[in-house]
Trainee: 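If you scroll down you'll find the structure; I have some questions about it.
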Amino acid sequence: MTYTRARDAAIEAVTSWPSHGRCAPKSTLPIRQLFGSNVFTDDVMRARLPEHIYKAIRETINKGAPLDPSIADVVAAAMKEWALERGATHYTHWFQPMTGLTAEKHDSFLAPTNGGGAVADFSGKELIKGEPDASSFPSGGIRATFEARGYTAWDPTSPAFILENPNGTTLCIPTAFCSWTGEALDKKTPLLRSMEVLSKHAVRILRLFGSTANQVYTTAGPEQEYFLIDKVFYFNRPDLINAGRTLFGAKPPKGQELEDHYFGAIPERVLACMHETETELYKLGVPVKTRHNEVSPAQYEIAPIFENANVATDHNMLVMETMKRVADRYGLQLLLHEKPFAGVNGSGKHVNWSMADDHGNNLLKPGDTPHDNAQFLLFLVAVIKAVAKHADLLRVAVAHAGNDHRLGANEAPPAIVSIFLGDMLQDIVEQIEAGGAKSAMAGGELKIGVTVLPTLPRDPGDRNRTSPFAFTGNKFEFRAVGSAQSIAGPIVVLNTIVAEIVDEFATQLEQAVATKKDLNTEIQKLLQAAVKESKSVLFNGDNYSEAWQIEAERRGLPNRRTTIDSLPDLVSPKAVALFTKYGVLSERELHSRYEIFLESYHKTINIESQLTIQIAQRMILPAALRHQAQVAEAIANLKATGATVPKTQSALLNELVGAIENLQSATDQLTEAVEEPPRGDSLDLAKHSRDVIIPAMSAVRAAGDQLETLVADDLWPLPTYQEMLFIK
């Protein structure tokens, strides 16, 4: 089948999909019983473990107490029986290496006996520690290929769960992953370290206010954006298969300019897919709450309720994996790339972040009178100062090749990190700087002007969807995170930079108390100084405007426009001092991540460039030449009749010839750029990718997209934007 006929067949297959879609399996359980049914929850542990064992596990989960290996044996036995009852045949240590994905190695519960039979066996040792091969995972130079030993270590703070399969189920045990020499090779280990250090210093602040809380944990709720297109279209796009984004594609007559897709009625087939996805996630204990159409055609969003940041990170990885698996059942393909289609909105993952104590109090909740709430203001200003001091590290946390296509575009915040507080808190902060917060703006009532509608209470501040880091009532929303990336990295940075400032505040106030100074007076002085020092990062205006770019430069805010501009900040003396001081990442671990990120960037661009060459030469060029031949033949036939050839037809042929020449010339230049990389280290290769290869790819794309507008539709080999985004 030719590519053109394959494209026609794809359209036919999509349009003939049953209107009712695939019906999600009906569960016999009410939703309240369904939720967490495949999770080894606290209730399950309480019911299945002896009381003293259960209490010991809770001490480990709640306070980080060391786990006795003998306790692990009892837990392993209970976990095994629970899993077997649900049809599990294997178990796996489920971890998150530096690939940004999850990894798992399955082992059977089956163990042979001396009599030639077999029993199901699972020990505490097998629960606590695994040993996958570490040599083939990214290590950034920490591990050589021949140094294969790596360990997975059970994380009891994130519950084990069951993944169902038609032919059997698997017990998944969330774990950390480290090298034989002790360095973190994963996303989870630094996350847990950062949560511990923030908890330690935040509790010191709480003690000053008489709190009996023993732990503070960060909470997160990532809003996951994604695209769904028909799988038949996907299989006809080599760029989507291998790069996750379209490397060619002319702008369709209609995009998102009518703004009719956002929050619109969800297509029936997509809604059925969402229903089944949510059912699967409920069983895994993932508290998904919201679903809706996003701005771009074929773009959607799923969002959960807040939970412990470590569990939220694990759950977000499960959300992405589950969405992909369920979409396949409906003949759909999940696209998580930050910019799968040029010219329409890309996808982000807005991470809502806050702090809470073990009594359930949100430390970033203003209360009715936030100007009087000294504890809230201390934590709020600590976050402001942390972001002002380490805006470069927050930018690093979201730096990768996919996000470079999105940051700074109209749907995403710029690479300049600033904070939006809203009118009320901005007013309070300005009063603090002036010498003390004495009053606060009230929200008041919002009169709609329709008598049958109720009067609505108005929030004291509007929202700012252009801000990369916005306060939204009782949390901060970090909107620059990319849709495909793990949220672990951004949360690690947030936790660590805030821990540093909270430590600084706690030390200063503890010294004041020790010398019998008035605590309230010292808090006022501390807040005033911190606001004066950090106010340059506060901005309530339009972050998309060119005026803000100029203003941000005047304020001295860093503007790292690309990943390669940003990554060196990860290994700056300031970053090394911060992460090593608090034990979150050693200098060696930081440098390993720097090398991994550089290598990933270069490899990503290398894959995309080779795909661009392949599609241009093997798909677009042959189609264009066929069309050129047809036009030339038509003109020749017309000349043979003695008729005058219209100038428009001659111009069409000349335009085709020129466009084909542009494509071939641009492809040759890209090929040369790919085949002749510079000598040097990984940074030199990454810079070559950014400065030489990406512009050369853009030139090839421009020529290819021009040809799409010229070549006959029945000859064009690739499913078009119009088809992929609008035919459902």
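Every heavy atom of this structure was used, including side-chain atoms; hydrogens, water molecules and symmetry mates were not. FYI, the numbering just counts along the sequence from 1.
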Trainee: How long is the gap from CG on Asp328 to CG on Leu332, to the nearest 0.5 Å?
Mentor: 9.0 Å
Trainee: Answer yes or no: is there an ion pair linking Lys581 with Glu500, defined by an N-O contact shorter than 4.0 Å?
Mentor: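 The answer is no: the pair does not qualify as a salt bridge.
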Trainee: Can you tell me if Ser347 and Gln299 form a side-chain donor-acceptor pair at under 3.5 Å?
Mentor: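 Yes, Gln299 and Ser347 have a side-chain donor paired with an acceptor closer than 3.5 Å.
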Trainee: Assess the residue pair Asp565 and Arg395 against the criterion (salt bridge (Lys or Arg N to Asp or Glu O under 4.0 Å)); give the C-alpha distance rounded to whole Å, side-chain angles, the decisive distance to 0.1 Å, and a yes or no.
Mentor: CA-CA 10 Å; Asp565 295 325; Arg395 173 66 179 94; over 6 Å; no
Trainee: Taking all heavy atoms of Pro190 and all of Leu585, pick out the closest pair and write down the distance.
Mentor: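 That would be CG-CD2, 3.6 Å.
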Trainee: Say whether Asn316 and Gln224, considering side chains only, have a donor N or O and an acceptor N or O under 3.5 Å apart.
Mentor: yes
Trainee: Salt-bridge test for Glu225 and Arg406: reply yes if a basic N is under 4.0 Å from a carboxylate O, no otherwise.
Mentor: no
Trainee: Taking all atoms of both residues into account, what is the closest heavy-atom pair of Lys187 and Gly100, and its distance?
Mentor: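 Closest approach of Lys187 to Gly100, heavy atoms only: CE-CA, 4.2 Å.
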Trainee: Please check this pair: side chain of Glu183 against backbone of Arg588, looking for a donor-acceptor N/O pair closer than 3.5 Å.
Mentor: no
Trainee: Does some side-chain heavy atom of Arg701 sit less than 4.5 Å from a side-chain heavy atom of Thr612?
Mentor: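 They are not in side-chain contact.
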Trainee: Using atom types as modelled and distance alone, determine if a side-chain donor or acceptor of Gln333 lies under 3.5 Å from a backbone N or O of Ile229.
Mentor: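 Such a contact is absent between Gln333 side chain and Ile229 backbone.
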Trainee: Taking the six-membered ring for Trp, are Tyr226 and Tyr300 parallel (under 30°), tilted (30 to 60°) or perpendicular (over 60°)?
Mentor: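 The rings of Tyr226 and Tyr300 sit tilted, inter-plane angle from 30° to 60°.
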Trainee: Indicate yes or no: at least one non-hydrogen side-chain atom of Val576 is less than 4.5 angstrom from one of Leu590.
Mentor: yes
Trainee: So, the side chain of Ser689 versus the backbone of Leu685: is there a donor-acceptor pair under 3.5 Å, distance only?
Mentor: yes
Trainee: As an exercise, state the distance from CG of Leu557 to OG of Ser418, rounded to the nearest 0.5 Å.
Mentor: 7.5 Å
Trainee: With distance as the sole test, does Ser600 use its side chain to make a donor-acceptor pair with the main-chain N or O of Phe597 at under 3.5 Å?
Mentor: no
Trainee: Is the closest side-chain donor-acceptor distance between Thr175 and His93 under 3.5 Å?
Mentor: no
Trainee: Taking all non-hydrogen atoms of both residues, which atom of Ala327 and which atom of Leu228 are closest, and how far apart?
Mentor: CB-CD2, 3.9 Å
Trainee: Calculate, to the nearest 0.5 Å, the distance between atoms CG and OH belonging to Asn495 and Tyr582 respectively.
Mentor: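 If we round to the nearest 0.5 Å, Asn495:CG and Tyr582:OH are 13.0 Å apart.
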Trainee: Going by an N to O cut-off under 4.0 Å, is there a salt bridge joining Asp691 and Lys687?
Mentor: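 Judged by the 4.0 Å cut-off on N to carboxylate O distance, Asp691 and Lys687 do not form a salt bridge.
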Trainee: Considering non-hydrogen atoms only, spot the tightest contact between Ser682 and Leu598 and give its length.
Mentor: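 So the two residues come closest at OG-CD1, 3.5 Å.
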Trainee: Between Asn310 and Leu192, is there a donor-acceptor pair closer than 3.5 Å when you use the side chain of the first and the backbone of the second?
Mentor: no
Trainee: Do Arg690 and Asp404 sit within salt-bridge range, that is, some charged N less than 4.0 Å from a carboxylate O?
Mentor: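 Asp404 and Arg690: not salt-bridged.
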Trainee: Taking atom CD1 of Ile694 and atom NE2 of His405, what is their separation to the nearest 0.5 Å?
Mentor: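 Rounded to the nearest 0.5 Å, the CD1-NE2 separation comes to 6.0 Å.
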Trainee: Give the C-alpha distance, both sets of side-chain angles, the deciding distance and a yes or no for side-chain contact (heavy atoms from CB on, under 4.5 Å) between Phe476 and Leu494.
Mentor: CA-CA 10 Å; Phe476 281 96; Leu494 269 171; over 6 Å; no
Trainee: Run the salt-bridge test on Glu196 and Arg193 with the 4.0 Å N-O cut-off and return the result as yes or no.
Mentor: no
Trainee: How about Ser486 and Met317: do any of their side-chain heavy atoms sit closer than 4.5 Å?
Mentor: yes
Trainee: Distance from Met724 atom CE to Leu718 atom CG, nearest 0.5 Å?
Mentor: 8.0 Å
Trainee: Considering residues, nucleotides and ligands other than Gln722, do more than 12 of their heavy atoms fall under 6.0 Å from its CD?
Mentor: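 No.
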Trainee: Around Lys324, counting heavy atoms of other residues, nucleotides and ligands shown, do more than 12 lie under 6.0 Å from its NZ?
Mentor: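 Atom NZ in Lys324 is not packed in, count stays at 12 or less.
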Trainee: Any carboxylate oxygen within less than 4.0 angstrom of a Lys/Arg side-chain nitrogen, looking at Asp684 and Arg679?
Mentor: no
Trainee: Test side-chain contact (heavy atoms from CB on, under 4.5 Å) on Leu334 and Glu321; report intermediate values, then the result.
Mentor: CA-CA 10 Å; Leu334 176 75; Glu321 293 172 0; over 6 Å; no
Trainee: Could you check whether Ser296 and Asn345, counting side-chain N and O atoms only, form a donor-acceptor pair closer than 3.5 Å?
Mentor: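 Not at all, the side chains of Asn345 and Ser296 share no donor-acceptor pair under 3.5 Å.
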Trainee: Do side-chain atoms of Lys389 reach the backbone of Ile497 as a donor and acceptor pair under 3.5 angstrom?
Mentor: no
Trainee: At their closest point, which heavy atom of Leu656 faces which heavy atom of Gln628, and how far apart are they?
Mentor: CD1-CA, 4.1 Å
Trainee: Hey, is Lys603 close enough to Glu599 for a salt bridge, meaning N to O under 4.0 Å?
Mentor: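 Yes.
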Trainee: Search all heavy atoms of Lys349 against all heavy atoms of Gln485 and return the closest pair with its distance.
Mentor: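 What the structure gives for the nearest pair is NZ-O, 2.7 Å.
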Trainee: State whether Arg593 and Glu589 are salt-bridged, where the test is any N-O pair (Lys NZ or Arg NE/NH1/NH2 against Asp/Glu carboxylate O) under 4.0 Å.
Mentor: no
Trainee: Would you say the side-chain atoms of Ser158 pair up with the backbone N or O of Asp155, donor to acceptor, closer than 3.5 Å?
Mentor: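 No: the side chain of Ser158 does not pair with the backbone of Asp155.
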Trainee: Phe469 vs Phe478 aromatic rings, parallel, tilted or perpendicular, using cut-offs 30° and 60°?
Mentor: perpendicular
Trainee: Heavy-atom distance under 4.5 Å between the side chains of Ile615 and Phe248, does that happen here?
Mentor: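 Yes, at least one pair of side-chain atoms sits under 4.5 Å.
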Trainee: Give a yes or no on whether the backbone of Asn662 and the side-chain of Ser665 come within a donor-acceptor separation of less than 3.5 Å.
Mentor: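 Checking the backbone N and O of Asn662 against the side chain of Ser665, no donor-acceptor pair under 3.5 Å is found.
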Trainee: Report yes if some heavy atom in the side chain of Ile693 is under 4.5 Å from a heavy atom in the side chain of His688; otherwise report no.
Mentor: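 Result yes, sub-4.5 Å side-chain heavy-atom pair found.
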Trainee: Working note: Leu621 + Leu625, criterion side-chain contact (heavy atoms from CB on, under 4.5 Å); need CA distance, chi angles, decisive distance, verdict.
Mentor: CA-CA 6 Å; Leu621 181 59; Leu625 289 173; 3.9 Å; yes
Trainee: Do the side chains of Phe233 and Glu723 get nearer than 4.5 Å, heavy atoms only?
Mentor: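 Glu723 reaches Phe233 side chain to side chain.
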Trainee: Under 3.5 Å, is there a donor-acceptor pair between the side chain of Ser483 and the main chain of Leu336?
Mentor: yes
Trainee: Begin from the C-alpha positions of Leu335 and Tyr234 and carry the test side-chain contact (heavy atoms from CB on, under 4.5 Å) through to its verdict.
Mentor: CA-CA 10 Å; Leu335 301 178; Tyr234 172 79; 4.2 Å; yes
Trainee: Rounded to the nearest 0.5 Å, what separates atom CD in Gln96 from atom OG1 in Thr189?
Mentor: 10.0 Å
Trainee: Please examine the side chains of Pro252 and Thr720, heavy atoms only from C-beta on, and report whether any two atoms are closer than 4.5 Å.
Mentor: no
Trainee: Is there a donor-acceptor contact under 3.5 Å from the side chain of Thr152 to the main chain of Lys129?
Mentor: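 Between the backbone of Lys129 and the side chain of Thr152 there is no qualifying donor-acceptor contact (under 3.5 Å).
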Trainee: Tell me, do Arg237 and Thr246 make a side-chain contact under 4.5 Å, heavy atoms counted?
Mentor: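 Yes, at least one pair of side-chain atoms sits under 4.5 Å.
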Trainee: Would the number of heavy atoms belonging to other residues, nucleotides or ligands and lying under 6.0 Å from CD of Glu131 be above 12?
Mentor: yes
